[in-house]
Amino acid sequence: MGYGHLRAAAALAEHWETELVEADRKPWANSTDRLVWSLARRGYHSLSRLSQRGVGRSALARLLDRLTAIDDDELAPDPNTHRPVRLLDTLIRRGFGKTLGHRLDRRGAPAVATFYANAIAAERHSSVPVACVVTDSHVHRVWVERRPETGRIRYLVPVPGTRSCLIRYGVSPDRIRVTGFPLPPELVGSPRLEILERNLSARLSRLRCRTRNEAKQTAQPLRLAVAVGGAGAHADHARDLLHGLDASLRTGRLRLTLVAGTHRWVARRFARWTREAIGRGLPAEAVEILADDGFLDYYRRFNRLLADTDILWTKPSELVFYAGLGLPLILEAPVGDHERHNRALVTGLGAAADRPPSEELDEWLRQRVRTGWFADAARRGRDGLEARAVHTIASCCSNELYGEFTRS
């Protein structure tokens, strides 16, 4: 459904040196399944974008909030009356995901999914053991099968709060493991985290250099990466950034990378606004655009970018867990209730700050660099979030999924 689920899957596939399967594509989905996926994805992405801009955005934002609302009451929503749960259950009972299940049975190996619909369909339509990697700090009731007391999905979750959420929905505690969010192996390294620590040391050195020598032109420019998300939400804010950061970009204190992902329309807008800024006198080397046609190529390029990035600007999606790499975060407004919980997680750790008004941006950024806030935020994220998740998940799957598989 989005980059968050694909990033988690790509990290695990890289670690296992195996194929990343996109369950909405041939041969894993039949024509009816592909239509359902397409309608769901286009509807969600369109709603996400339109809720942030244009006429009627307030009403659409409220609608998105209702669709993604996570009930924090002690009593979990009744799955027999909860509309999204009933809708997904009906689709699966009528055959949605059956092609996926049949192919999993023919392959004869455990399945690891990073989106709830795939996990629930695999459980219903196949006999293989199934694990579901959860990609947010709190989740909607629809992540859990309608009758969790009879379910067999094992949930691998990023933080303890997610575990509590699933238990409230009726999942047995012995089917839940707190593992962390699977970060890219090329940015983590072995369980000793040698690559993460090397990148973090270089990042802290650059941030401290700017703190001590902020006025010196010899200090290495800081790199700010701006990732707008898989739905392209907040893409229009890049234009404000080019204006708000003009002074730091012109003087060489800052380099900006605008990440368009796989969205050509976003990349075209970024290119147009960058040309406008260069026409106003901005050095061409101050801004670059990262875009690619395919997800895996984009994913690899984005990971290489993050290795040399000092500050990541994003919405509070799955990228909040990248604070565990020692990346300080600046956050756009949440898009949906799950992102509000993600935001609360990292701001509570002191690893992230909400974006300031555009007219205050340049001074706000320089002041936080001078006081060492970003360096402190990098360490807090590194200390507060688990970075070894790919190794932990691999261990859980080897010991539990394959153990269950060989016994069956």
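One-based numbering along the sequence shown.
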Any ion pair linking [Y] and [X] (charged N to carboxylate O, less than 4.0 Å)?
| X | Y | result |
| --- | --- | --- |
| Arg368 | Glu363 | no |
| Arg379 | Asp376 | yes |
| Glu332 | Arg343 | no |
| Glu145 | Arg93 | no |
| Arg239 | Glu276 | yes |

In terms of side-chain heavy atoms, does Ser127 have a donor or acceptor partner in Asp105 at a distance below 3.5 Å?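 Ser127 vs Asp105: donor-acceptor pair found between side chains.
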Is it true that a side-chain atom of [X] and a backbone atom of [Y] form a donor plus acceptor pair closer than 3.5 Å?
| X | Y | answer |
| --- | --- | --- |
| His5 | Thr114 | yes |
| Ser190 | Arg192 | yes |
| Arg141 | Val144 | yes |
| Arg253 | Arg250 | no |
| Ser126 | Ala122 | yes |
| Arg175 | Ile153 | yes |
| Asp136 | His138 | no |

Parallel, tilted or perpendicular: which fits the ring planes of Tyr322 and Phe181, with parallel below 30° and perpendicular above 60°?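 Taking Phe181 first and then Tyr322, their aromatic rings sit tilted (interplane angle of 30° to 60°).
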Answer whether the closest heavy-atom distance between the side chains of Val157 and Thr179 falls below 4.5 Å.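 Contact flag for Val157/Thr179 side chains = no.
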Do Leu222 and Val369 have side chains that get closer than 4.5 Å, going by heavy atoms?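 Yes; the side chains approach each other to less than 4.5 Å.
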Tell me whether the centres of the aromatic rings in Trp265 and Phe270 are closer together than 6.0 Å.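 Centroid separation for Trp265 and Phe270: 6.0 Å or greater.
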What's the shortest heavy-atom distance between Gly324 and Leu196, and which atoms?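 Shortest heavy-atom contact: O-CD1, 3.5 Å.
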Positive for side-chain hydrogen bond (donor to acceptor under 3.5 Å, both in side chains) with Asp310, one of Arg206, Gln220, Arg203, Arg255: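 Answer to the side-chain hydrogen bond (donor to acceptor under 3.5 Å, both in side chains) test with Asp310 among Arg206, Gln220, Arg203, Arg255: Arg206.
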Not counting sequence neighbours, list each pair that qualifies as a salt bridge (Lys or Arg N to Asp or Glu O under 4.0 Å) and has a residue in residues 383-398.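 Pairs touching residues 383-398 that pass the test: Glu386-Arg388.
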Report the C-alpha distance between Tyr169 and Val142 in whole Å, list the side-chain angles of each, state the deciding distance to 0.1 Å, and finish with yes or no for side-chain contact (heavy atoms from CB on, under 4.5 Å). CA-CA 9 Å; Tyr169 294 156; Val142 76; over 6 Å; no
Ring pair (Phe, Tyr, Trp, His ring centres under 6.0 Å) for Tyr3 and Tyr299? Distances and angles first, verdict last. CA-CA 9 Å; Tyr3 288 167; Tyr299 170 78; 9.8 Å; no
Considering only distance and modelled atom types, tabulate donor-acceptor pairs under 3.5 Å from the side chains of residues 289-297, sequence neighbours left out.
| unit_1 | atom_1 | unit_2 | atom_2 | d |
| --- | --- | --- | --- | --- |
| Asp292 | OD2 | Arg301 | NH1 | 3.4 |
| Asp293 | OD1 | Arg264 | NE | 3.3 |
| Asp293 | OD1 | Arg264 | NH2 | 3.4 |

